Amino acid sequence: MASKSVLLLVDIQQGFDGTTHWGATRSTPTFEENVRKLLTAFRENKNATVLHVCHHSPFPASPLHPSKAGANFMECAAPVGDEQVFPKTTNSPFLETKVGDVIKDLKADRLVICGLMTAHCVSTTVRMASNLRLVEHSYGCVDKAGGPLGKAEIFLVDDATATFSVEYGGKTYDAESVHAIHLASMKDEFCDVTSTDNIVKMLKESK
């Protein structure tokens, strides 16, 4: 039987593009290219579903406030057809939208997550998706009901996810380091971390 896969794209919006509002530099130069590759692969697979999350900031000064063009999707991640969109105002998409219920109802074998930013909404999304067991996985936990652990997988796509440099304690931490530290902290405990090419390969093999 073919595997069911879900691609959850997090906050791939114009307000993160070409700005230093979030940090001086951004990680992952191939981010946009890899988002396109993922979307093409998922849209060509009849057993795959694409879901979009976007951030609508309640703060008028934010580039992601819904009154601003920055709240719109980047061209590389614009929804098409009947792909569902879930606007949120917090880091987690599971608090005020039904996207978690949609993922559960799909009974997917594979949940793939990518987007912006690794250090903020992507990290929160991955951790909560894992804790809420939106797919029946075995990362960092046991089945409290005493049953067998699930075989479903959660993948965070390292080269289709990006973040910005940060400052703390008088020091600047470059974007690639921030990105890598967050990936490392989630790997195995909450998800698998892999590349766009590996996800595309999996999808081809599961048709």
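Not measured: the values here are computed from a predicted model. Residue indices begin at 1 and follow the sequence shown.
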Close side-chain approach of [X] to [Y], heavy-atom, < 4.5 Å:
{"X": "R110", "Y": "L203", "value": "yes"}
{"X": "T28", "Y": "T161", "value": "no"}
{"X": "D174", "Y": "V178", "value": "no"}
{"X": "T125", "Y": "V53", "value": "no"}
{"X": "K37", "Y": "D197", "value": "yes"}
{"X": "S206", "Y": "N45", "value": "yes"}
{"X": "N47", "Y": "S5", "value": "no"}
{"X": "Y173", "Y": "I181", "value": "no"}

Could you walk me through whether L116 and C121 pass the side-chain contact (heavy atoms from CB on, under 4.5 Å) check?
CA-CA 7 Å; L116 297 163; C121 294; over 6 Å; no

Please report the interatomic distance [atom1]([X]) to [atom2]([Y]), rounded to the nearest 0.5 Å.
{"X": "M74", "Y": "F31", "atom1": "CE", "atom2": "CZ", "value": "5.5 Å"}
{"X": "I12", "Y": "L39", "atom1": "CD1", "atom2": "CG", "value": "7.0 Å"}
{"X": "L51", "Y": "K98", "atom1": "CG", "atom2": "NZ", "value": "15.0 Å"}
{"X": "F155", "Y": "T196", "atom1": "CZ", "atom2": "OG1", "value": "12.5 Å"}
{"X": "R26", "Y": "M117", "atom1": "CZ", "atom2": "CE", "value": "11.5 Å"}
{"X": "E176", "Y": "S27", "atom1": "CD", "atom2": "OG", "value": "5.0 Å"}

Please identify each residue that fulfils side-chain hydrogen bond (donor to acceptor under 3.5 Å, both in side chains) with S92, with sequence neighbours left out.
none

Do you know which two heavy atoms are closest between [X] and [Y], and how far apart they sit?
{"X": "T49", "Y": "F42", "result": "O-CD2, 4.0 Å"}
{"X": "E32", "Y": "P29", "result": "OE1-O, 4.0 Å"}
{"X": "A24", "Y": "S165", "result": "N-OG, 3.0 Å"}
{"X": "P63", "Y": "G15", "result": "CB-O, 3.7 Å"}
{"X": "K187", "Y": "V193", "result": "CB-CG2, 3.8 Å"}
{"X": "A77", "Y": "V35", "result": "CB-CG1, 4.0 Å"}

Do [X] and [Y] share a hydrophobic cluster (ILVMFWY, side-chain heavy atoms under 4.5 Å, transitive)?
{"X": "L38", "Y": "F73", "answer": "no"}
{"X": "V10", "Y": "V126", "answer": "yes"}
{"X": "L156", "Y": "L111", "answer": "yes"}
{"X": "V6", "Y": "F190", "answer": "yes"}
{"X": "F86", "Y": "L106", "answer": "yes"}

Worked verdict on F94 versus L134 for side-chain contact (heavy atoms from CB on, under 4.5 Å):
CA-CA 10 Å; F94 308 122; L134 299 184; 3.4 Å; yes

When you look at F164 and H21, which way does the side-chain contact (heavy atoms from CB on, under 4.5 Å) test go after all the steps?
CA-CA 10 Å; F164 289 81; H21 179 88; over 6 Å; no

Answer yes or no: is there a donor N or O on one side and an acceptor on the other, between the side chain of [X] and the main chain of [Y], under 3.5 Å?
{"X": "W22", "Y": "T163", "answer": "no"}
{"X": "S123", "Y": "A119", "answer": "no"}
{"X": "Q13", "Y": "A71", "answer": "yes"}

Does atom NZ (K68) have a neighbourhood of more than 12 heavy atoms from anything else shown, all under 6.0 Å?
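More than 12 heavy atoms, drawn from other residues, nucleotides or ligands, come within 6.0 Å of this atom.
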
Is the NE2 atom of H120 crowded by more than 12 outside heavy atoms at less than 6.0 Å?
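Counting neighbours around NE2 of H120, 12 or fewer heavy atoms of other residues, nucleotides or ligands fall under 6.0 Å, so no.
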
Taking R36 first and then E75, would you say they form a salt bridge - that is, a charged N and a carboxylate O separated by under 4.0 Å?
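Counted as a salt bridge, because a side-chain N and a carboxylate O are separated by less than 4.0 Å.
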
Output every pair passing side chain to side chain donor-acceptor pair (under 3.5 Å) with a member in residues 79-90, not counting sequence neighbours, ordered by first then second residue.
D11-K88, R43-E83, H52-E83, H55-K88, T89-E96

Would you please test M186 and S130 for side-chain contact (heavy atoms from CB on, under 4.5 Å) and show each step?
CA-CA 10 Å; M186 289 183 277; S130 182; over 6 Å; no

Looking only at side-chain N and O atoms, does T30 offer a donor or acceptor that is under 3.5 Å from a partner on D159?
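T30 and D159 do not have a side-chain donor-acceptor pair below 3.5 Å.
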
